[in-house]
Amino acid sequence: MAQKIRIAVTPGDGIGPEVVAEAVHCLEALRSRHNLPMEWTRFPWPSHAWHEENGESMPADALDQLKQYDAILLGALGDPGPVDDPDRYLLPDSISLAPLLDMRKGFDQWVCERPARLLPGARQYLADERAKDIDMLVIRENSEGEYVGQGGRLRKGSPDEVATQMEVFTRRATDRIIRYGFEQARLRAAARAEEGKTRHFHTRDGKTCESQVCIVTKRNALRYWGDMYTEAFEELAKQYPDVATHHELVDAACMKFVQAPWAFDVVVASNLQGDILTDLAAVLSGGMGVAPSCNLNPDDPSMPSMFEPTHGSAPDIAGQGLADPTAMLFTTARMLEWLGRKNPAIAAAGRELYDAVAADLAENAGTTRGTQEIGKAVRDRLK
Ligand code: IPM
Ligand code: MN
């Protein structure tokens, strides 16, 4: 009997519970059809509602509880909405979103993977027809950088106030995220080859490779970590002669994401720069409604990874059944593939869910459907 996979389901705030409900229905369908050894527990925290009742977003031992699970499936955190209710219970972002950062840090989820592929049926924001070829994977360093939360405020409230916000970059975390990028580039090239497809990327010395890693920095202004990233990248690249290498400054990367996003394959960026680039990348792939994300700890199996779409709690539409669950369902598919490292049947269920969501998207281009309608349509496609 295969080991049972356990998932902690944390719907969170706003549209989180609405889209998570569809994800759980799909998990139920897949579990019963394929008799998968998997179970889940729903947690009412972290959330505004829990804070309102208990004075904290989650219990003090929340991470200890979550550590017992193989993965965390998170809806969204933030303003619960509805925005036209001025009396709703509302926390400052720094409080309501803290659990997200606590989980990433506490479980050392050092990779944030955000694929941006313009799938058939998704909204194409760029007029250029080559936008159909957008297929990149943005890998965001998720453990340090601009997000270490170190610093403080001195002489608070006075005209002489000083705020400091530290950025910390270690060689260890730099090496591991860049190496991860190269490995993903290789895997993507192999997956394309299996489908009989190839992409070509040119290197400066005239070689042509089937995959590419683009490293993003702001080394012309933030030179210390920028130079360290550059050196680490150049050194590691020697071990991946089959992968083309490229560098962009983050401002130029924003420009090129709009001008020629189809030229990117794998992009590795720092925590904050990756955060910003992935909102842009989400729009290139059809918008927040379709953009999946995950926070992974690839090297410690005792730590749960966390799966949450790129989107937030969408307080403007929360509670109305209007949220598109597509991003959440793609994210759930990715979770199953990840968990499938321990069980091939679960990985297959992840691919089945991915295919069902993609097929639903392709067949319903331009239609307006509610959360439950989309969820049911996807479920009906599962074998
Ligand atoms: C994201 C979000 C978070 C981040 C916020 C909510 C702290 O924007 O997951 O991209 O900046 O990481
Ligand atoms: Mn973000």
Side-chain angles (χ1 to χ4, degrees), residues 10-16 19-20 23 45-48 51 57-58 62-63 66 71-81 90-116 136-151 165-169 173 177 216 218 250 253-254 257 267-297 304-316 318 323 327-328 330-332 334-335:
T10 53
D13 297 314
I15 60 166
V19 295
V20 162
W45 47 259
S47 66
H48 271 75
H51 194 287
S57 294
M58 55 185 189
L63 292 194
L66 294 173
I72 302 160
L73 189 64
L74 190 139
L77 294 181
D79 186 339
L90 189 57
L91 295 162
D93 284 348
S94 60
I95 295 182
S96 68
L97 298 164
L100 197 61
L101 303 180
D102 291 345
M103 284 186 225
R104 289 179 186 165
K105 250 183 236 146
F107 300 132
D108 197 17
Q109 295 160 349
W110 52 271
V111 177
C112 178
E113 262 186 19
R114 294 186 165 168
M136 61 172 138
L137 174 65
V138 184
I139 296 173
R140 166 180 176 190
E141 203 295 319
N142 217 27
S143 70
E144 55 170 41
E146 307 88 342
Y147 275 55
V148 288
Q150 290 185 19
Q165 188 87 45
M166 194 107 89
E167 299 189 5
V168 175
F169 293 84
I177 200 69
V216 174
K218 183 62 189 170
V250 66
C254 289
F257 268 28
V267 177
V268 175
S270 74
N271 213 331
L272 176 63
Q273 296 184 358
D275 174 49
I276 297 166
L277 285 171
T278 50
D279 267 32
L280 179 49
V283 171
L284 296 174
S285 69
M288 280 298 175
V290 300
S293 170
C294 57
N295 304 273
L296 309 175
N297 180 330
S305 291
M306 190 226 303
F307 297 79
E308 48 141 356
T310 305
H311 67 64
S313 59
D316 51 332
M328 185 78 229
F330 275 139
T331 300
T332 307
R334 178 72 181 100
M335 177 185 75

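In listed order, ligands and their atoms are each counted from 1. Note that the structure is predicted; figures quoted are calculated from it, not measured.
Near R114, meaning under 4.0 Å from any of its heavy atoms, are these atoms of ligand 1: 1 (C), 9 (O), 10 (O). In the vicinity of Y147, heavy-atom distances shorter than 4.0 Å reach the ligand 1 atoms 4 (C), 11 (O), 12 (O). Here is the list of ligand 1 atoms found below 4.0 Å of a heavy atom in R104: 1 (C), 4 (C), 9 (O), 12 (O).
Scanning all protein heavy atoms for the shortest distance to atom 7 (C) of ligand 1 gives L101 CD2, 4.2 Å. In terms of protein heavy-atom proximity, atom 6 (C) of ligand 1 is nearest to L97 CD1, 3.5 Å.
Distances from the Mn ion (ligand 2) show that D275 has an N/O/S atom below 2.8 Å.
Between L73 and T10, the closest side-chain pair of non-hydrogen atoms is not below 4.5 Å.
Summarising the geometry of G78 relative to S96, their closest heavy-atom pair is CA-OG, 3.8 Å, with the distance given to 0.1 Å. For the pair S270 and E146, the tightest heavy-atom approach, listed with the atom from each and the gap, is OG-OE2, 2.7 Å.
Of the N or O atoms in D275, one or more lie within a sub-3.5 Å distance of an N or O in ligand 1.
Remark: side-chain polar atoms of Q109 are paired, donor with acceptor, to backbone N or O of P304 under 3.5 angstrom. Between the S143 side chain and the D108 main chain, no donor and acceptor come within less than 3.5 Å of each other. In this structure, N271 contributes its side chain and E144 its backbone to a donor-acceptor pair below 3.5 Å.
Within the 4.0 Å heavy-atom shell around ligand 1 one does not find H311.
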